[in-house]
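Being a predicted model, the structure only gives us computed values, none of them experimental. In this chain, numbering begins with 1 at the start of the sequence shown.
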Amino acid sequence: MTARTPTTDYPMTIYHKPNCSTSRNVLGLIRESGVEPTIVLYLETPPSKTKLRELTKAMGMTARDLLRTKEAPYEELKLADPKWSDDRLFDAIVENPILLQRPIVVSPRGTLMCRPWERVREILPA
């Protein structure tokens, strides 16, 4: 593939974890498309509860859909219990950002949880 000059004319944001291979693959595809996205290192700068609500709404998901069930806080906080409301689950993610499923990508063509990583192609520039 021929390298393109990165553009900011197609605003994209990736909620990224650099040591996650899925997240790195998604970032690579975005850059190969010629876009330099805004990168949110969500472990350092967790999204707010309001932002999490916006993201889940845009993806047609629930707070539970955002949870990484294999992370220690998931078990420690007993988040598998269906009694927890979306509100409480968002609180848990804000307090323990490692719980956030990744990568989430926002683009003019939509917002996606990019698992598997190839899904990002659905929202790249045409």
[X] side, atom [atom1]; [Y] side, atom [atom2] - distance, nearest 0.5 Å:
X    : Y   : atom1 : atom2 : value
T69  : L99 : OG1   : CG    : 10.0 Å
L100 : L67 : CG    : CG    : 8.5 Å
I30  : I14 : CD1   : CD1   : 4.5 Å
S23  : Y15 : OG    : OH    : 12.5 Å

Legend entry - Beyond-backbone contact of P37 with L27, side-chain heavy atoms, under 4.5 angstrom: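 They are in contact (side-chain heavy atoms under 4.5 Å apart), so the answer is yes.
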Legend entry - 4.5 Å side-chain heavy-atom contact, T13 and V105: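 With C-beta onward as the side chain, the pair stays apart.
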Inset, instruction - Apply side-chain contact (heavy atoms from CB on, under 4.5 Å) to L43 and list each qualifying residue two or more places apart in sequence or on a separate chain. - result: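 L43 satisfies side-chain contact (heavy atoms from CB on, under 4.5 Å) with K17, P97, I98 once adjacent residues are dropped.
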Inset, instruction - Could you name each residue pair satisfying salt bridge (Lys or Arg N to Asp or Glu O under 4.0 Å) that touches residues 76-85, not counting sequence neighbours? - result: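 The answer is none; no pair qualifies.
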Inset, instruction - Can you tell me which residue pairs pass the salt bridge (Lys or Arg N to Asp or Glu O under 4.0 Å) test with a partner in residues 91-101, sequence neighbours excluded? - result: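 Found K49-D91, R88-E95.
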Side-chain donor/acceptor pairs under 3.5 Å, residues 117-126, sequence neighbours excluded:
unit_1 : atom_1 : unit_2 : atom_2 : d
R119   : NE     : E122   : OE2    : 3.4
R119   : NH1    : M113   : O      : 3.2

Legend entry - Residue pair P47 / V94: nearest heavy atoms and the distance that separates them: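 Smallest interatomic distance, heavy atoms only, reads O-CG2, 3.6 Å.
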Legend entry - Nearest non-hydrogen partners of L79 and P73, listed with the distance: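 Here L79 and P73 meet closest at CD1-O, 4.4 Å.
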May I have the list of side-chain donor-acceptor pairs in residues 53-60 shorter than 3.5 Å, sequence neighbours left out?
unit_1 : atom_1 : unit_2 : atom_2 : d
R53    : NH2    : D87    : OD1    : 2.5
E54    : OE1    : K51    : NZ     : 3.1
T56    : OG1    : L52    : O      : 3.1
T56    : OG1    : R53    : O      : 3.0

With [X], which residues qualify under side chain to side chain donor-acceptor pair (under 3.5 Å), at least two apart?
X    : value
D86  : none
Y74  : none
Q101 : R68, R115
N25  : none

Inset, instruction - Before giving the answer on side-chain contact (heavy atoms from CB on, under 4.5 Å), spell out for H16 and V40 the whole-Å C-alpha distance, their side-chain angles and the decisive distance to 0.1 Å. - result: CA-CA 6 Å; H16 182 58; V40 177; over 6 Å; no
Is it the case that one hydrophobic cluster holds both [X] and [Y], taking links as side-chain heavy atoms less than 4.5 Å apart, direct or via other members?
X    : Y   : answer
L41  : V35 : yes
I39  : Y10 : yes
V106 : M61 : yes

Inset, instruction - Using modelled atom types only, decide if a donor and an acceptor are shared between the side chain of T45 and the backbone of Y42 within a distance under 3.5 Å. - result: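 A pair under 3.5 Å: no.
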Inset, instruction - Kindly say whether P18 contributes a backbone atom to a donor-acceptor pair with the side chain of R24 at under 3.5 angstrom? - result: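 Judged by distance alone, yes, a pair lies under 3.5 Å.
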Legend entry - Residues T22, R102; criterion side-chain contact (heavy atoms from CB on, under 4.5 Å); working and verdict: CA-CA 8 Å; T22 300; R102 75 225 169 224; over 6 Å; no
Legend entry - Non-neighbouring partners of D65 that pass salt bridge (charged side-chain N to carboxylate O under 4.0 Å, His left out), sequence neighbours left out: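 Expected list: none.
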Legend entry - Contacts of E75 that satisfy salt bridge (charged side-chain N to carboxylate O under 4.0 Å, His left out) - sequence neighbours left out: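 Per chain and number, E75 pairs via salt bridge (charged side-chain N to carboxylate O under 4.0 Å, His left out) with no residue.
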